[in-house]
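Take a look at the structure below.
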Amino acid sequence: MSPTPAGATTAVRTHRTPTPLLVDGELMNERIVVAPRRDDGVPRSRDAARVGVLRRIAAAKLKHRGLDAMIDDVLLISSELLTNALLHSATTEITLNLAVRGGFLRITVTDGMPGRAERREADDEAETGRGLGLVDALAEQSGGTWGTSEDGTATWCSLRVPAGRRQ
């Protein structure tokens, strides 16, 4: 057998199975346990880090289901909703659920504490208060919507699944 000349390449053909069309169902349902909010409202650093863990799990689940195009928006929305639950409720458990139903991906954060998430207008100097505005803008841009459950224990956002991925 003669040696391969320097600089020569060998082409390898790989077979890539196309990702099947997305069917309705749950993509993830993950729960984190956190310490109740302290008087100063600052979450423990390990609790804040758990939000990042849920984001990474969500990204992997979306990628696995062929929803790569939605990852950035879903992670931003998930971060906002999870952080609101961590900062504004006295909960000890927060759940992130992603599910596809009727051509929409629904992101739901449940903290089990009654209360309504309300969008507010932040002035130019404010360091907080813009999160739900971002959620609203991303939902509207995709033809979706967002809201709070009737009992106030969950906040959700629905985004339209890209046309090529719907069944």
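The chain is numbered in sequence order, starting from 1. Only heavy atoms go into these numbers, but all of them, side chains included; no hydrogens, no water, no symmetry mates. Being a predicted model, the structure only gives us computed values, none of them experimental.
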- Query: Should Thr95 and Val109 count as side-chain neighbours, where that means a heavy-atom distance under 4.5 Å?
  - Reply: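 In short, these two side chains do not touch, never coming nearer than 4.5 Å.
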- Message: Just so I know, are the side chains of Arg50 and Arg44 near enough to count as touching, which here means a heavy-atom distance under 4.5 Å?
- Response: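 Yes. Closest side-chain heavy atoms under 4.5 Å.
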Expected output: side-chain [X] to main-chain [Y] donor-acceptor under 3.5 Å:
| X | Y | result |
| --- | --- | --- |
| Arg55 | Leu75 | yes |
| Ser149 | Ala154 | yes |
| Thr148 | Thr155 | no |

- Message: For a quick test of reading the model, state the closest non-hydrogen atom pair linking Met28 to Ala58 and the distance between them.
- Response: SD-CA, 3.5 Å
- Item | Minimum-distance pair of heavy atoms, taken over all atoms of Ser142 and Ser158 | OG-O, 4.3 Å
Measuring from atom [atom1] of [X] to atom [atom2] of [Y], what distance do you get when rounded to the nearest 0.5 angstrom?
| X | Y | atom1 | atom2 | value |
| --- | --- | --- | --- | --- |
| Asn84 | Leu132 | CG | CG | 5.0 Å |
| Thr83 | Asp47 | OG1 | CG | 11.5 Å |
| Leu134 | Glu80 | CG | CD | 5.5 Å |
| Ser78 | Leu54 | OG | CG | 8.5 Å |

- Query: Should Arg106 and Cys157 be marked as a side chain to side chain contact (heavy atoms under 4.5 Å, CB included) after you check the CA-CA gap, both sets of side-chain angles, and the distance that decides it?
  - Reply: CA-CA 6 Å; Arg106 186 167 176 128; Cys157 180; over 6 Å; no
Is it the case that one hydrophobic cluster holds both [X] and [Y], taking links as side-chain heavy atoms less than 4.5 Å apart, direct or via other members?
| X | Y | result |
| --- | --- | --- |
| Leu86 | Leu76 | yes |
| Met113 | Val34 | no |
| Trp156 | Leu67 | no |

- Task: Check the pair Leu159 / Phe104 against side chain to side chain contact (heavy atoms under 4.5 Å, CB included), numbers first and verdict last.
- Result: CA-CA 5 Å; Leu159 303 174; Phe104 286 86; 5.8 Å; no
- Task: May I ask you to say whether Arg101 pairs ionically with Asp24, meaning some side-chain N is under 4.0 Å from a carboxylate O?
- Result: no
- Message: If we check side-chain contact (heavy atoms from CB on, under 4.5 Å) with Leu62, which of these qualifies: Ile57, Ile71, Asp72?
- Response: Ile71
- Option among Leu105, Ile107, Leu138 that satisfies the side-chain contact (heavy atoms from CB on, under 4.5 Å) test with Asp73: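 Of the listed options, the one satisfying the test is Leu138.
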- Message: Show, in sequence, the C-alpha distance, side-chain angles and deciding distance for Leu96 and Leu82, and conclude whether the side chain to side chain contact (heavy atoms under 4.5 Å, CB included) test is met.
- Response: CA-CA 8 Å; Leu96 174 62; Leu82 288 164; 4.2 Å; yes
- Message: Are more than 12 heavy atoms, taken from residues, nucleotides or ligands other than Glu93, located less than 6.0 Å from that residue's CD atom?
- Response: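 Yes, enclosed.
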- Arg31 vs Ile94, side chain to side chain contact (heavy atoms under 4.5 Å, CB included): CA-CA, chis, key distance, verdict: CA-CA 6 Å; Arg31 177 181 60 94; Ile94 301 170; over 6 Å; no
